[in-house]
K.L.:
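This is the structure, below, for whatever I ask next.
The figures here come from the full heavy-atom set of this structure, side chains too, leaving out hydrogens, waters and symmetry mates. Every chain is numbered from 1 and lettered A, B, ... according to where its sequence line falls, protein lines coming before strand lines.
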Amino acid sequence: MIKTVITQQDRPVLSPEKMAEIQGVIQQFPEGKSKSAILRILHIVEREAGGWLSPDTMDMVAEILSIEPIEVYEVATFYTMFNLNPVGKYVLEVCQTGPCMLVGSDQTIEYIEKTLDIKVGETTADGMFTLKTSECLGACGYGPLLKCGIHYHEHLTNDSIDTLLTACRNGEVEKY
Amino acid sequence: MVKVTIDGIEIEVEEGTTILNAARMIGGNVVPPAMCYYSSLEGSGGNCRTCLVEIAEGSTRDPRPMPKLMVSCSTQVQDGMVVKNKTSQRVHENRGAVTEFLLINHPLDCPVCDQAGECHLQDLSFDHGGAGSRFEEEKRTFEPIDIGNKIKLHMNRCILCYRCVKVAEQLTEKRVHGVLHRGEHAEISTYIQKAVESDFSGNMIDVCPVGALTDRTFRFKSRVWFLKPMNATRECKKCPGHATVWMFGEEIYRVTGRKDAYGEIERLDGKTAWICDDCRFETKDPKQWNIEGPRKINRHSVISQNHYEIPNPLKTNVKKSLK
Amino acid sequence: MGRKLLLEHIDVPGIETFDVWRKHGGYLSVEKALKNMSPDDVVNEVKNSGLRGRGGAGFPTGMKWSFLAKPEGVPRYLLCNADESEPGTFKDRYLMEKLPHLLIEGMIVSSYALGANLSYIYIRGEYMWILEILEKAIAEAYAKGFLGKNILGSGFDLDLRVAPGGGAYICGEETALIESLEGKRGNPRMKPPFPAVKGLWGCPTVVNNVESLATVVPIINMGADEYVKIGTEKSAGTKLISACGNLVRPGVYEIEMGISVEEFIYGDEWCRGIANNKQIKALIPGGSSVPILPAHLITKLATGEDRLMSYESLSEGGFATGSMLGSGGFIVFDEDQSVVRNTWNFARFYAHESCGQCSPCREGTGWMQRVLHRIVNGQGNMRDIDLLADINKKIEGNTICPLGDAAAWPVAAAIRHFREEFEWYVNHPEEALKRNYGMLKNTPTTV
């Protein structure tokens, strides 16, 4: 059950470069259709805000697009990529849908849970990892796999998971 | 004009009319139930699927039957179309199925629900519901919340008809209220429980087909069937002041818009006579209203079973002669 | 080797760059179409090729194009559906990642045919790195004069953009995709009006799958007459199949329509058989929403003839003994896999992905998921099996969009072909719990 815990958080400060990027996204759509840019802007802003969208951050997006805040909440809560609660530095999303299950995604999830001592949906005490499950990521032939940042890590084995976790801890993995 | 036959009754309607509205022109029991469609709210309909009908013949030009049942609220009639509603076994079965779907997560808390007696879901389950439930799982639950100090939201009872969202979109200046999350987690909410403050927000209560949005100024005051609905008017700067006041003795317990047989607010001079929140929530002194007389409720639900009809001299005679 | 029309140059180093792509015959179709053909010529060529939509529904692409309304002064849009999310399907990802210019080329030709001057690729948000690949390739195409104003001096202008989704399977449904591209929740629209009349921002719109648009390139290059010689009579050309599950060599393959299923699963050129020397138990040939086939109906039809990889042969026998080609998501189950558990998994997927707009899907998918979850966890009873069959009958056909059907069919087919396995779960609750991954070796199946 998705239940939204409302925690206020100051809105992220966007650098002039990020603001320019956002304006560029808006310009990809005809005049008067700026609302179409919302998903991409939410992706950008979420990264800037530490990986999740607080109501305050969403209000900021509403201001950028000159729409009502509820229009942003409606969209942000519909699409599952957006985190509505604080997350760890790295979010590990393991695909758990059929084809991945056939090649062992259940065991992958179990292994990560055991290794990090957290359950799905939880964040490690050091704030480093959040473990999530995800429905079909569209890499069915290369499972089991997880998404970390914008990249997929495929053909997972216990060893390759260990390697990935260590690399994350050492800051060698792109966060986004 | 195009000709359409619904359950064997032929009617001529204007081109572009939906099957549901054509059926409403005929009236009586050929009218499919509608839980989400609301004629004065643009873009409503299509969600609940209770108004599904069978199209036995598409049109004179192409008389092939349509393979799937169609939603009558959004399907336009074609010349020569033959529609089956009451007379279709498939419609009967599928309407029963939709009713079951709407009820599996519904709390069935009618005894403590202010909507009881005027609830469209009660009517629907009376007509199409099963005797028992096949749903053995845990129901989806939400805590009731106040959205502003006049409206209560019981998400548990909501059937996600989207009518209130359309009201917020089309009647109020600033929408703070919408549908969040998705699938079975979808909920009507204001997210950070922002108060709904607008002159016309109370109409969300009037359009709600179930007890999800109720009037906090009337909460637990009385069962609706103990009240006497009276047509009343008043001078109001914000709205036409064209309402129904619900009285108990000399007191006004609540104020609503004037609803027709399908639960829709009546039109006045071609416009829907939505009432403002001042009339609804703040005007409960009978002196403030010009009370015209008892209102006839022509719904088939429990509130129409009592004594609301305008006294009919013929009927009185019958009673007398029986004595 | 089978004939390759799309993936011919996939292994060429640097094929994702404009120059290498151009060197291997890239953008010839744009030259041919813009210089020597009228837009209607292109539409007719695609119509004559018999190309069927590669996204799953298999609707003829040329016919879809010919429905596009063309009112004066109203812009028209071509949208590429790259929201690939059907479990078992990962072909579009492969194609876009490796051959971004093939898609761009297909979109230029198709936009020209439809008279669209602004086109979008709507890509699922999870494929964010592919979005970057596409944008890089698009920038190259602009720089080389294949996008922008007056392409190749033809007077045809085209702007091409990429827009990401945010994680929603339903946005692969064309009207949900349009809603999403308008910046709204991905709730499918009611039809009519169809997008060809009222689509993006109320304008006439065509939505095509990545592979369909890519296939326009070889069709224009070789001509429809040559194209129809490939494949079978009703399934022209080649098709990308994304093979996954318990195979020796899963992956994306381009097949000529009409090769046998047996050859595809066991052939050296293709999947090379079942992994770990196991037997095949079941197959879902076209993505999670098509009916599952039990072992005896995989390589042979009910009539005993060979089953082929084509629209018509895979659906031979209807829902009783057939399935569908769908999106080409080819999911293979070995003998140790539990069909019941997988059915629950897919039911959970559909419940998770239902938009929640209409009641049969919103309530029905969640209900099925819960009942199946109970059965899998040893809490089921016999009447649950009939209940499931009944619920899916009541969802099917009663919803706004096809997600309801997509959720219902796999459950119906699993019960039809593997009822004994469902009953085993009910009769052996403790064992079902212990053997949670469905090791059903010693129990009879319907095979």
Side-chain angles (χ1 to χ4, degrees), chain A residues 2 25 27-30 32-44 46-47 65 67 71-82 93 95-107 133-143 145 147 149-152 154-155 174 176, chain C residues 75 84-90 92-93 118 120 124-129 131-132 159 161-169 171 180-187 200-201 242-247 250-252 275 284 288 329 331-334 337 341-342 345-346 348-349 352-353 355 436-437:
Chain A
I2 320 155
V25 173
Q27 276 156 20
Q28 299 204 342
F29 299 94
K33 309 295 180 200
S34 56
K35 196 183 173 187
S36 290
I38 189 169
L39 286 174
R40 195 151 180 189
I41 294 178
L42 284 171
H43 283 300
I44 296 170
E46 192 185 53
R47 288 177 204 176
L65 292 171
I67 54 178
E71 297 180 64
V72 182
Y73 309 155
E74 282 182 329
V75 168
T77 57
F78 185 89
Y79 297 94
T80 48
M81 281 182 77
F82 302 113
E93 288 176 65
C95 178
Q96 59 168 355
T97 311
C100 274
M101 188 187 75
L102 294 181
V103 291
S105 64
D106 286 331
Q107 289 86 336
T133 51
S134 143
E135 296 297 349
C136 190
L137 287 172
C140 316
Y142 321 122
L145 79 146
K147 177 172 171 285
I150 73 165
H151 293 290
Y152 286 6
E154 297 163 344
H155 303 292
E174 257 184 273
Y176 303 112
Chain C
E84 179 176 61
S85 323
E86 171 97 356
T89 317
F90 49 103
D92 296 340
R93 166 204 162 163
L118 176 58
Y120 289 92
R124 62 179 301 186
E126 290 88 344
Y127 285 173
M128 200 57 94
W129 84 96
L131 178 142
E132 289 171 8
D159 282 312
R161 318 246 191 254
V162 195
Y169 166 76
C171 292
S180 182
L181 195 54
E182 290 183 2
K184 302 183 205 149
R185 296 161 64 80
N187 286 345
L200 184 65
W201 302 312
S242 56
C244 58
N246 309 115
L247 289 164
V252 177
I284 298 176
S288 60
I331 313 169
V332 171
F333 296 64
D334 71 29
Q337 301 299 338
R341 192 171 160 77
N342 192 74
N345 186 300
F346 283 162
R348 186 198 61 213
F349 172 81
H352 182 262
E353 299 300 338
C355 80
N436 209 12
Y437 302 118

K.L.:
Measuring from atom OG of S85(C) to atom CZ of F349(C), what distance do you get when rounded to the nearest 0.5 angstrom?
P.N.:
6.5 Å
K.L.:
Supply the atom-to-atom distance L42(A) CG to M81(A) CE, rounded to the nearest 0.5 angstrom.
P.N.:
11.0 Å
K.L.:
Check whether Y169(C) gets within reach of chain A through its side chain, its backbone, both or neither, counting any heavy atom under 4.5 Å.
P.N.:
neither
K.L.:
Pairing donors with acceptors under 3.5 angstrom, does anything connect the side chains of Y120(C) and S36(A)?
P.N.:
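Result is no, nothing qualifies.
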K.L.:
Between L137(A), L65(A), I41(A), V75(A), which residue shows the highest count of heavy-atom pairs closer than 4.5 Å to chain C?
P.N.:
L137(A)
K.L.:
Counting heavy-atom pairs closer than 4.5 Å to chain C, which one of Q28(A), E93(A), K147(A) comes out on top?
P.N.:
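Going by pairs under 4.5 Å, I would pick Q28(A).
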K.L.:
Below 4.5 Å from any heavy atom of chain A, which atoms of R185(C) appear? Answer side chain, backbone, both or neither.
P.N.:
both
K.L.:
Name the member of E132(C), K184(C), E84(C) that forms the most heavy-atom pairs with chain A at distances under 4.5 Å.
P.N.:
K184(C)
K.L.:
Relative to chain A, which segment of L118(C) carries a heavy atom at a distance below 4.5 Å: side chain, backbone, both, or neither?
P.N.:
side chain
K.L.:
Apply side-chain hydrogen bond (donor to acceptor under 3.5 Å, both in side chains) to E135(A) and list each qualifying residue two or more places apart in sequence or on a separate chain.
P.N.:
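If we apply the side-chain hydrogen bond (donor to acceptor under 3.5 Å, both in side chains) test to E135(A), skipping adjacent residues, the hits are Q96(A), T97(A), R348(C).
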K.L.:
Heavy-atom pairs under 4.5 Å with chain A - which of A275(C), G186(C), C171(C) has more of them than the others?
P.N.:
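Going by pairs under 4.5 Å, I would pick G186(C).
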K.L.:
Identify whether NZ of Lys or CZ of Arg in R93(C) sits under 6.0 Å from the centre of the six-membered ring of F90(C) and within 45° of that ring's axis.
P.N.:
no
K.L.:
Is there a side-chain contact between F346(C) and P87(C) (heavy atoms, below 4.5 Å)?
P.N.:
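Yes, at least one pair of side-chain atoms sits under 4.5 Å.
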K.L.:
Look at P75(C), G329(C), G165(C) and state which one has the largest set of heavy-atom pairs under 4.5 Å with chain A.
P.N.:
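The candidate making the most pairs under 4.5 Å is G165(C).
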K.L.:
Is the ring pair W129(C)/H151(A) parallel, tilted or perpendicular, if the boundaries are 30 and 60 degrees?
P.N.:
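Judged by the thresholds at 30° and 60°, the geometry between W129(C) and H151(A) is tilted.
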K.L.:
Excluding sequence neighbours, so at least two apart, what forms side chain to side chain contact (heavy atoms under 4.5 Å, CB included) with A163(C)?
P.N.:
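With sequence neighbours excluded, A163(C) shows a side chain to side chain contact (heavy atoms under 4.5 Å, CB included) to F29(A), L181(C), given in chain and number order.
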K.L.:
Select one option (side chain, backbone, both, neither) describing which atoms of I38(A) are under 4.5 Å from chain C's heavy atoms.
P.N.:
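Side chain only.
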K.L.:
With a 4.5 Å cut-off on heavy-atom pairs, point out which of P250(C), G167(C), G166(C), S288(C) contacts chain A the most.
P.N.:
G166(C)
K.L.:
Of the backbone (N, CA, C, O) and the side chain (C-beta and beyond), which part of I284(C) lies under 4.5 Å from a heavy atom of chain A, both, or neither?
P.N.:
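The answer is neither part of I284(C).
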